[in-house]
Amino acid sequence: MSVEAITIILVLITFAIYTAIGWWSRVKDTSSFYVAGQNVPTVANGAAIAADWMSAASFISMAGLVAFLGYDGTIYLMGWTGGYVLLALLLAPYLRKFGKFTVPDFIGDRFYSNGARSVAAIATIFISLTYISGQMRGVGIVFSRYLQVDIVVGVLIGMAIVGFFALLGGMKGVTWTQAVQYFVIIIAFLIPAVAISLQLTGNPIPQLALTTSDIVDRLGQIQIDLGMTEYMAPFTNLSMLNVFMVTLALMAGTAGLPHVIVRFYTVKSVRAARWSAVWAIIFIGLLYLTAPAVGAFAKYNLIDTIADKPIEEVQSIEWVSKWETTGLLQIDDQNGDGVINFTGGEDNEVVIDGDIIVLSTPEVANLAPFIIALVAAGGLAAALSTASGLLITMTSAVSHDIYYRIFNKSASEAQRLRVGRITLLVALAVAAYVGINPPGFAGEVVALAFGLGAASLFPVILLGIFDKRMNKEGAVAGIITGLSFTLIMIGAILSPSIIGTDEPILNSFFGINAQGVGVVGMILNFIVSFIVSRMTPEPPLEIQQLIENVRAPELDEVETKTASNE
């Protein structure tokens with residue numbers, strides 16, 4: 001049986017499981033649609049958080065970024081993992097204790113302002129649309145390769161599937177589906193990692209194989225011999241400034257991502273939110289501690305298979321011909337010498353999209369067809385799980401935070417669900433378009449969303465919890481400043497891929513690239529928020545008392561009452 005046939009069978013089996021879960025958990029009320037009825041067990045919620053947060057960027061693209069960027073690619077590991085710890089320890093328990101549905105809900109009530117709620121909802125939509133475009137691209141790549149269709153068709157297939165799951169079950173269905181998808185993701189990532197580790201080093205533990213064997217030294221020497229930069233040499237692809245700025249943007253952005261924060265509202269209590277965070281860190285660590293090894297192994301195998309080989313020999317390899325049909329792998333004997341030059345210079349004859357590294361690695365390593373199919377199923381699970389969560393987040397921003405809380409407070413459950421589902425379909429169409437026309441690799445596109453989160457929501461959430469003097473005027477001014485600046489800078493730096501200019505309007509912002517410029521927006525947000533809040537009236541006394549209560553050491557109202565009764 002062909003790899004494609006096995007892949008389709010495995011994908012259909014996993015989709016049948018997801019569909020059954022979605023049908024079992026289908027919703028009829030807004031509480032279940034937005035926050036899963038707030039009764040998800042902590043372990044399941046931790047797995048769902050991990051699946052939601054890791055996404056196609058982590059599964060498909062991160063190891064590819066590490067493979068191509070080498071040392072500099074570790075910014076994604078440091079930024080995303082460090083950011084999750086920041087979110088779990090600094091913000092999540094307090095937000096859960098506040099007890100609202102969404103991040104705009106928190107900001108609107110904390111800053112006693114529908115204006116603040118509106119700008120937070122708009123920021124949520126921008127962040128989520130940017131984030132989901134990377135997921136749609138990941139789905140399109142998987143379908144493009146294994147269904148042998150154009151990537152546009154692959155994205156459209158993925159759009160239909162994501163929309164079905166999100167429409168059917170809302171947050172309740174998405175959460176339970178994601179809990180299952182996590183285990184598909186991690187199994188699909190670890191099995192080939194162990195197999196390739198054994199194949200290349202004789203050690204079945206990828207992390208140990210990477211650090212105790214000579215595989216990195218061999219890879220570094222091969223790259224030098226081919227005219228590339230040494231694999232572990234720092235600051236060869238990114239400047240020291242950008243390594244710092246992108247890492248910080250990813251960390252702060254993680255703590256400002258609305259689709260991750262909402263996960264802490266789906267459990268019963270603050271204590272459950274904390275334990276959900278612990279489980280999520282454990283689950284996330286399994287993949288993130290393995291990704292550097294996968295990136296190095298994949299780069300080594302790829303170079304060893306293609307570099308300095310006769311072009312007829314390479315193009316006769318099955319996986320090469322199939323990936324070439326997707327347009328994501330291009331081999332061209334430009335100098336006509338019959339040998340493939342895989343170098344870091346102008347004479348390079350191999351163009352590889354970084355998003356195919358993980359998906360193609362089992363084929364490059366000649367692993368069993370079932371493992372190849374498993375990786376494809378894992379990539380789809382990663383992309384679909386995050387896309388579903390993002391759609392629900394955007395839907396809640398429009399239907400709950402804008403439509404219900406601002407324009408129609410008397411709206412019935414049925415009306416709110418209807419508006420939510422219409423919003424979901426519109427958001428899905430926009431996400432599919434951006435997924436077809438992305439401004440970069442899936443991981444790079446997702447990094448832009450983290451920059452937007454850092455620049456818009458993170459400062460206001462942090463100050464909203466820890467600064468009683470922070471008021472609605474400061475919050476609104478800060479969000480508008482940070483979001484506007486970062487959107488303008490990203491658009492200017494990436495203008496060729498976003499608006500079609502021949503050359504970038506700006507090459508960088510004083511040396512800071514598009515993925516890192518969100519830090520500047522974040523700093524501006526903090527400064528503007530602080531200054532404006534000090535120049536305008538302080539919040540009402542009841543809001544200040546509310547913040548004192550949210551920051552109190554007790555876990556939640558139920559536990560406080562129990563303790564007082566005892």
Side-chain angles (χ1 to χ4, degrees), residues 60-77 192-193 196-197 199-201 206 209-240 242-243 291-324 326-367 440-441 443-444:
I60 294 175
S61 196
M62 186 173 63
L65 289 167
V66 172
F68 278 97
L69 297 177
Y71 177 95
D72 297 340
T74 57
I75 58 174
Y76 295 94
L77 298 167
I196 298 171
S197 181
Q199 187 183 81
L200 291 180
T201 69
L210 182 69
T211 55
T212 61
S213 73
D214 65 346
I215 187 70
V216 173
D217 294 333
R218 285 153 53 195
L219 175 58
Q221 188 58 52
I222 289 173
Q223 293 203 168
I224 291 172
D225 293 342
L226 291 173
M228 303 179 189
T229 57
E230 203 279 318
Y231 185 71
M232 288 301 292
F235 315 125
T236 55
N237 295 286
L238 293 171
S239 66
M240 186 183 297
N242 275 312
V243 166
V294 172
F297 298 160
K299 187 72 172 292
Y300 181 89
N301 268 336
L302 196 62
I303 292 176
D304 189 55
T305 303
I306 293 179
D308 293 335
K309 299 291 194 304
I311 190 167
E312 294 86 359
E313 176 186 324
V314 172
Q315 290 186 325
S316 66
I317 300 173
E318 186 177 9
W319 70 265
V320 172
S321 62
K322 288 181 176 178
W323 278 108
E324 276 191 300
T326 68
L328 301 174
L329 171 65
Q330 300 172 32
I331 297 176
D332 181 17
D333 185 15
Q334 298 174 11
N335 59 13
D337 65 355
V339 176
I340 295 176
N341 297 313
F342 193 167
T343 72
E346 295 181 357
D347 59 341
N348 180 45
E349 297 175 341
V350 181
V351 179
I352 302 173
D353 190 299
D355 287 337
I356 77 170
I357 289 294
V358 169
L359 294 172
S360 66
T361 290
E363 294 179 279
V364 178
N366 292 314
L367 299 184
F441 296 159
E444 293 174 322

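Quick note: numbers below take in every heavy atom, side chains included, and nothing from hydrogens, waters or symmetry partners.
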Side chain proximity check, [X] to [Y], heavy atoms < 4.5 angstrom:
X    : Y    : result
L219 : I215 : no
Q223 : K299 : yes
Y231 : L69  : no
I331 : I311 : yes
N341 : N348 : no
V351 : L329 : no
T361 : F297 : no
T305 : W319 : yes

Candidate pair F342 and M228, rule side-chain contact (heavy atoms from CB on, under 4.5 Å), full reasoning: CA-CA 9 Å; F342 193 167; M228 303 179 189; 3.5 Å; yes

[X] side chain to [Y] main-chain N or O, any donor-acceptor pair under 3.5 Å?
X    : Y    : result
N301 : A365 : no
D72  : N237 : yes
Q315 : V320 : no

Partner set under side chain to side chain contact (heavy atoms under 4.5 Å, CB included) for T229, not counting sequence neighbours: T236

Residues forming a side chain to side chain contact (heavy atoms under 4.5 Å, CB included) with T74, sequence neighbours excluded: L77, M78

So which atom in [X] and which in [Y] form the shortest heavy-atom distance, rounded to 0.1 Å?
X    : Y    : value
A298 : I357 : CB-CG2, 3.5 Å
A291 : A63  : O-CB, 3.9 Å
P206 : S197 : CA-OG, 3.6 Å
S213 : T201 : OG-CG2, 3.5 Å

Salt bridge (charged side-chain N to carboxylate O under 4.0 Å, His left out) pairs, two or more places apart, involving residues 304-322: E4-K322, E318-K322

Steps toward side chain to side chain donor-acceptor pair (under 3.5 Å) verdict (D217, Q221): CA-CA 6 Å; D217 294 333; Q221 188 58 52; over 6 Å; no

side-chain contact (heavy atoms from CB on, under 4.5 Å) evaluation trace for N335 with E349: CA-CA 9 Å; N335 59 13; E349 297 175 341; 3.1 Å; yes

With sequence neighbours excluded, tell me which residues meet side-chain hydrogen bond (donor to acceptor under 3.5 Å, both in side chains) with [X].
X    : answer
E363 : R145, W323
S239 : N242
Y300 : R218

Full working for side-chain contact (heavy atoms from CB on, under 4.5 Å) between V358 and M62: CA-CA 9 Å; V358 169; M62 186 173 63; over 6 Å; no

Distance in Å, T326 OG1 paired with I356 CD1, rounded so as to fall on 0.5 Å steps: 6.5 Å

